[in-house]
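Note sheet for the following structure.
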Amino acid sequence: MVTDTYSQVRVRFAPSPTGFPHVGNIRTALFNWLFARRYGGIFILRIEDTDTARSVEGAVESIQDGLRWLGLDWDEGPVFQSERLQLYRDGAEALVRSGRAYHCFCSPERLQAVREEQTRNHLPPRYDGHCRELSAAEVERRLAAGETAVVRFKTPLSGETGVRDLIRGEVVFSNANLNDYVLMKSDGYPTYHLANVVDDHDMGITHVMRADEWISSTPLHVMLYDSFGWEPPQFAHLPMILGPDKAKLSKRHGATTISEYRDQGYLPEAMVNFLALLGWSLDDKTDLLSREELVANFSLERIGKTAAVFNKPKLDWMNGVYIRALSPGEFARRALPYLERDLPADIGRPLNIDYVASVARLVQERAKKLDELADLCEFFFRNELSYPCEDLLVKGMEAALAREILNRVSLVVPTEQDWSAVSLEEAVRPLSDDMGVSTKQLFGTLRVAMTGRTAAPPLFETMEVLGRERCMSRLAHAVQLVERQHPELASGTGT
RNA sequence: GCCCUCAUCGUCUAGAGGCCUAGGACGCCAGCCUUUCAAGCUGGAGAUCAGGGGUUCGAAUCCCCUUGGGGGCACCA
């Protein structure tokens with residue numbers, strides 16, 4: 001049984017609170033979560049807040065909100081690295097003691113100058129090893145004198161470091177191309193590399209699943225595990241998610257922050273399904289998978305290697321599929337907050353949930369996103385409709401005919417007690433033959449009078465929901481509109 | 001500039017030597033349904049598998065080169 005090979009699975013999602021999570025981050029979280037759930041493992045949330053300068057207010061909350069929204073529950077955490085500083089300091093110290101790391105006193109200015117020189121000479125920008133061989137005595141003296149220092153990893157000058165990646169296979173880096181990376185910053189905080197490795201080991205992480213952009217720093221991590229004498233976890237570098245221009249996802253691609261998708265009315269289950277398919281696939285024909293099916297089938301073997309462009313039209317389609325699959329009651333429940341938010345302010349609040357439910361039924365299969373709802377059904381909530389008179393004149397009909405249609409309809413329409421879509425249709429449809437008018441024209445004119453638009457939900461069901469009183473007043477209003485626009489009708493030719 | 005990496009329809013992808021005259025999905029186009037819009041159904045266009053060399057009886061699938069894309073090269077993660 002597969003479960004046995006992975007019985008100890010412990011994975012983590014480790015974002016840094018330097019901004020709000022975007023779909024790329026969340027996709028990484030999702031894969032980790034799916035992997036944990038698939039093999040009965042533990043999913044941990046760890047906040048990598050070691051950059052005091054770049055940390056953003058509210059970021060931690062928005063990360064948690066995003067995960068909760070999508071139902072990606074974590075078993076441990078959030079663990080904050082800022083609360084574990086001693087652990088990293090001890091680690092750095094141990095490395096210095098064992099000669100795998102050293103103190104560096106170079107000023108930012110000097111480093112800058114070195115880098116510029118290297119760039120000028122078309123050399124890769126790297127630390128030049130200025131402090132690499134300082135004597136222990138000198139280091140001690142300068143430290144005692146209060147000089148600020150960082151701790152750098154003493155990367156071997158020769159040899160190679162191999163990274164075994166579950167998705168990429170073996171990736172080899174030659175040490176000469178690697179840098180003497182900073183492990184501890186002068187402010188006493190660890191860099192990502194140190195904190196990440198120390199924590200992954202300390203927390204017993206078995207699989208590191210992260211975006212592909214990290215692979216080039218993985219040899220350092222491998223060397224760190226080795227220097228500490230620790231067994232490294234398994235690595236799986238996930239293909240990146242790109243914007244439509246095939247560049248790394250960023251703000252300029254528009255909506256990328258996960259909360260924006262919620263605000264626009266994407267369903268979490270659709271989002272999960274869609275994101276899962278960015279870099280992973282089940283087979284050659286399945287693209288609709290429930291959360292349970294995803295969990296049951298997820299596997300590292302079926303993660304691809306190629307970066308994926310975030311393809312919004314497909315997300316929209318998929319969201320529509322999920323919207324239509326909702327029970328009417330559930331749809332109404334989910335639609336309500338969006339209508340409360342998006343309907344014009346002059347429409348009274350709170351909205352009546354029963355009325356919303358009857359309206360929602362009619363627009364459910366017409367929306368791809370919940371934020372389209374207000375526009376789709378605003379006319380259900382208004383008293384006064386406003387639309388151009390010409391819209392009543394379907395297919396170039398005479399104003400007189402439009403007026404006649406409107407008047408005749410108001411005469412045949414059923415009573416309050418009998419007000420239903422079925423009886424409405426029974427009463428109105430015969431008018432088509434009686435008047436020698438096509439149903440297209442008859443219903444078209446009526447539709448505009450009832451909804452103020454040329455495209456709307458089914459006419460009679462709409463009228464049923466609107467109710468007799470509202471329909472009668474809309475008919476009257478439409479007649480008025482025609483007569484006002486066409487004074488020539490005034491001479492009493494009305495029916 | 002240096003290092004790593006990827007490469008199948010516009011996009012997401014299936015494909016792990018013969019099942020491929022390359023399959024599915026989105027999008028697009030057409031038709032059907034129909035009182036409009038959707039939804040649904042049916043059909044269609046769309047990839048000489050980046051290009052070039054090999055290996056093999058046989059390659060989208062293996063190897064090499066080229067080209068193109070992406071990522072990385074901070075006291076940021």
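Protein chains get the first letters and strands the later ones, always in sequence-line order, with residue 1 at the start of each.
With B:U5, B:A77, B:C37 as the candidates, the nucleotide lying closest to the side chain of A:Thr191 is B:A77. Out of B:C6, B:G72, B:A38, the shortest distance to the side chain of A:Ser216 is found at B:G72. Nearest to the side-chain atoms of A:Ser281 among the listed nucleotides B:A14, B:C75, B:C6 stands B:A14. Of the candidates B:C3, B:A77, B:U36, B:A77 carries the atom nearest the A:Lys185 side chain, counting heavy atoms from C-beta on. Set against B:G72, B:C12, B:C76, the side chain of A:Val309 has B:C12 as its closest nucleotide. The side chain of A:Ala456 lies closest to B:U36 when the candidates are B:A77, B:U36, B:C75. Comparing B:C2, B:C4, B:A77 by their nearest atom to the side chain of A:Val171 picks out B:C4. The side chain of A:Ile215 lies closest to B:C4, out of B:C26, B:C4, B:A39.
A donor-acceptor pair under 3.5 Å is absent between the side-chain atoms of A:Thr218 and the main chain of A:His221, judged by distance alone. When atom types are taken as modelled, the side chain of A:Asp287 and the backbone of A:Leu277 share no donor-acceptor pair closer than 3.5 angstrom.
The distance between atom CG of A:Leu111 and atom P of B:C76, rounded to the nearest whole Å, is 11 Å. Atom NE2 of A:His221 and atom C1' of B:C73 are 13 Å apart (whole Å). The OH atom of A:Tyr181 sits 9 Å away from the C1' atom of B:C3 (whole-angstrom rounding). Spacing between atom CZ of A:Phe173 and atom P of B:C2 amounts to 17 Å, rounded to whole angstrom units. Put simply, CG on A:Asp287 is 9 Å from C1' on B:C12, counting in whole angstrom units. Whole-Å rounding puts the A:Lys314 NZ to B:A25 C1' distance at 4 Å. As rounded to whole Å, 6 Å separates atom C1' of B:G71 from atom CE of A:Met240. Atoms CG (A:Leu282) and C1' (B:G15) sit 14 Å apart, rounded to a whole Å.
Checked against a 6.0 Å centroid threshold, the rings of A:Phe310 and A:Tyr261 count as neighbours. The six-membered or imidazole ring of A:Trp280 lies near that of A:Phe298, with a centre-to-centre distance under 6.0 Å. The aromatic ring centroids of A:Tyr322 and A:Phe274 lie 6.0 Å or more from each other. The aromatic ring centres of A:Phe443 and A:Phe460 sit less than 6.0 Å apart.
The same atom, C1', is picked in B:G68 and in B:A25; the two are 26 Å apart, to the nearest Å. The same atom, P, is picked in B:G17 and in B:A59; the two are 14 Å apart, to the nearest Å. Separation of the C1' atoms belonging to B:G27 and B:A47 is 16 Å when rounded to the nearest angstrom. Between the P atoms of B:G70 and B:C49, the separation comes to 23 Å (whole Å). Separation of the P atoms belonging to B:U8 and B:U48 is 12 Å when rounded to the nearest angstrom. For B:G15 and B:U61, the C1' atoms lie 8 Å apart once the distance is rounded to whole Å. Taking atom C1' on both B:C63 and B:A22, the two are 23 Å apart, rounded to the nearest angstrom. Taking atom C1' on both nucleotides, B:U67 is separated from B:C20 by 26 Å, rounded to a whole Å.
For A:Thr306 against B:C6, a side-chain-to-base donor-acceptor contact under 3.5 Å is absent.
Within the 4.0 angstrom heavy-atom criterion, base atoms lie near A:Val150. Nucleic acid contact for A:Leu278: sugar-phosphate only, since backbone atoms but no base atoms lie under 4.0 Å from a heavy atom of the residue. Backbone-only engagement by A:Lys368 is indicated by non-hydrogen atom pairs under 4.0 Å involving sugar-phosphate atoms exclusively. A:Pro190 comes within 4.0 angstrom of the backbone, heavy atoms only, and of no base. Across all strands shown, A:Thr50 has heavy atoms under 4.0 Å from sugar-phosphate atoms exclusively, and none from any base. Among the atoms of the strands shown, only primed sugar atoms or phosphate atoms (P, OP1, OP2) are found under 4.0 Å from some heavy atom of A:Ala308. As judged by a 4.0 angstrom heavy-atom cut-off over every strand, A:Arg302 is placed among residues touching the sugar-phosphate backbone only. Residue contacts for A:Pro15: at a heavy-atom cut-off of 4.0 Å it reaches no nucleic acid atom on any strand shown. Backbone-only contact: A:Gly279 has heavy atoms under 4.0 Å from sugar-phosphate atoms and none from a base. When heavy atoms are screened at a 4.0 angstrom cut-off, A:Arg152 is found touching the sugar-phosphate backbone but no base atom. Across all strands, A:Pro244 comes closer than 4.0 Å to no nucleic acid atom at all (heavy-atom distances). Among the protein residues, A:Thr454 comes within range of the nucleic acid bases, having at least one heavy atom under 4.0 Å from a base atom. Nucleic acid contact class of A:Arg324 (heavy atoms, under 4.0 Å, all strands): sugar-phosphate only.
Summary of the strand contacts: A:Pro313 and A:Lys248 both lie near RNA chain B, and taking for each the nucleotide with the nearest heavy atom, the more 5' one is attributed to A:Pro313. Comparing A:Pro457 and A:Ser174 against RNA chain B, the residue whose closest nucleotide sits nearer the 5' end is A:Ser174.
With a cut-off of 3.5 Å on both Watson-Crick or G-U wobble distances, the partner of B:C41 is given as B:G31. Here B:A60 sits opposite no nucleotide as a Watson-Crick or G-U wobble pair (both hydrogen-bonding atom distances under 3.5 Å). Across the strands present, B:A25 finds its partner in B:U11; the criterion is a Watson-Crick or G-U wobble pair with both atom distances under 3.5 angstrom. Searching all strands for a Watson-Crick or G-U wobble partner of B:U55 with both distances below 3.5 Å returns nothing. Within the shown strands, nothing qualifies as a pairing partner of B:C49 under the Watson-Crick or G-U definition with both distances less than 3.5 Å.
Note that A:Arg453 lies outside the cation-pi zone of A:Tyr387, set by a 6.0 Å cut-off to the ring centre and a 45° limit from the axis.
Salt bridge A:Asp202/A:Arg84: present, at least one basic N to carboxylate O contact under 4.0 Å. A:Glu330 has a carboxylate O that lies under 4.0 Å from a charged side-chain N of A:Arg334, or vice versa, which qualifies the two as a salt bridge.
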